Amino acid sequence: MNYLNSFLLSSGFSLWLDDVADSFYKTFIFQDRWLQLLRGLVVTIEITIVATLIGIVLGFLVAAIRSTYDKNLAGKKCRNFGDVLLKFFNGICNVYLTVIRGTPIVIQLMIIYFIVFANIRNGIYAAFVAFGVNSGAYVAEIVRSGIMSIDKGQFEAGRSLGMNYVQTMWHIVFPQAFKNILPALGNEFIVLIKETSVAGYVALKDITYVGNLIRSRTYEAFFPLVTVAIIYLAMVMILSHFLKKLERRLRNSDH
């Protein structure tokens with residue numbers, strides 16, 4: 001009886017191993033599907049890098065405008081044309097932040113692809129713009145909070161050294177603010193990596209799209225979906241590692 005049970009168990013285990021091997025073959029080996037996953041990963045990384053750069057530039061620009069308005073003009077009357085211009089741009093920034101943070105990224109992506117880029121229908125450009133503009137709104141508020149946390153004495157110190165407002169912001173305020181906001185900024189970039197998983201809505205073959213495509217063709221869910229999840233986890237862990245190293249280096253530079 002014991003020999004029979006052992007045979008049945010070993011036979012069942014062998015069948016399970018055969019199923020796993022067959023699933024692995026269909027997911028990765030057949031038709032070089034591992035290459036499809038690799039190409040999807042490249043698309044995801046491209047979107048993330050370009051969108052991050054757009055988000056940083058746009059976010060810092062919006063944060064500079066809003067913090068300048070808050071520090072110098074909030075609650076006051078416009079005294080000259082420069083004040084009127086600053087108030088106008090601050091209003092545009094407020095509308096931008098309200099709209100972008102108040103609507104889902106998927107809707108923004110489809111609006112840019114199907115409406116803004118209707119004539120060219122280029123998914124990669126639409127993804128660059130959509131994710132970059134979306135990230136910029138959150139980066140702007142993170143950076144603005146960092147700027148507003150800097151004591152007014154730092155601005156006065158810059159002025160006393162003969163610097164103008166832009167030079168004071170660039171050489172004195174931004175470096176100090178960057179140290180304060182780095183954890184929140186890093187978290188935003190981690191969120192951005194994961195948000196790119198909806199790029200398939202505009203026919204982009206990113207890693208999530210490819211994983212789901214393989215699942216639909218093989219009728220096997222485990223390997224395609226778990227592989228995609230592990231790849232995203234690895235990207236997040238690598239980014240987190242470098243962010244922690246940067247935080248430590250910045251902390252050590254204070255001593």
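Side chains are part of it too, since the values below use all heavy atoms of this structure and drop only hydrogens, waters and symmetry mates. Here the structure is a predicted model, which is why all the values come from computation and not from measurement.
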Salt-bridge criterion met for Lys244 and Glu247 (N-O under 4.0 Å): no
Exactly one candidate in Ile150, Val143, Ile147 meets side chain to side chain contact (heavy atoms under 4.5 Å, CB included) with Asn180; the answer is Ile150
Any Thr52 side-chain heavy atom under 4.5 Å of Leu192 side chain: yes
If you count heavy atoms of other groups shown closer than 6.0 angstrom to CZ of Phe88, is the number above 12? no
Within the 4.5 Å heavy-atom criterion, are Leu97 and Tyr138 side-chain neighbours or not? no
With hydrophobic residues grouped by side-chain heavy-atom distances under 4.5 Å, do Ile105 and Ile111 end up in a single group? yes
Indicate the ring-plane relationship of Phe223 and Phe24, choosing parallel, tilted or perpendicular according to the 30° and 60° boundaries. perpendicular
Is there a side-chain contact between Ile231 and Thr227 (heavy atoms, below 4.5 Å)? yes
If you compare all heavy atoms of Gly211 against all heavy atoms of Pro224, which two are closest, and at what distance to 0.1 Å? O-CB, 3.4 Å
Specify the closest pair of heavy atoms between Met235 and Thr44, including all atoms of both residues, with the distance to one decimal. CE-CG2, 4.0 Å
Is there a path of hydrophobic side-chain contacts, each under 4.5 Å between heavy atoms of I, L, V, M, F, W or Y residues, that connects Ile172 with Ile181? no
Would you say Arg66 and Phe89 make side-chain contact, with heavy atoms under 4.5 Å? no
Quick check for you: to the nearest 0.5 Å, what is the distance between Asp206 atom CG and Thr196 atom OG1? 6.5 Å
Might you confirm whether atom OH of Tyr125 has over 12 heavy atoms from other residues, nucleotides or ligands at distances under 6.0 Å? no
Using 4.0 Å as the upper bound for N to carboxylate O, is an ion pair formed by Lys26 and Asp22? yes
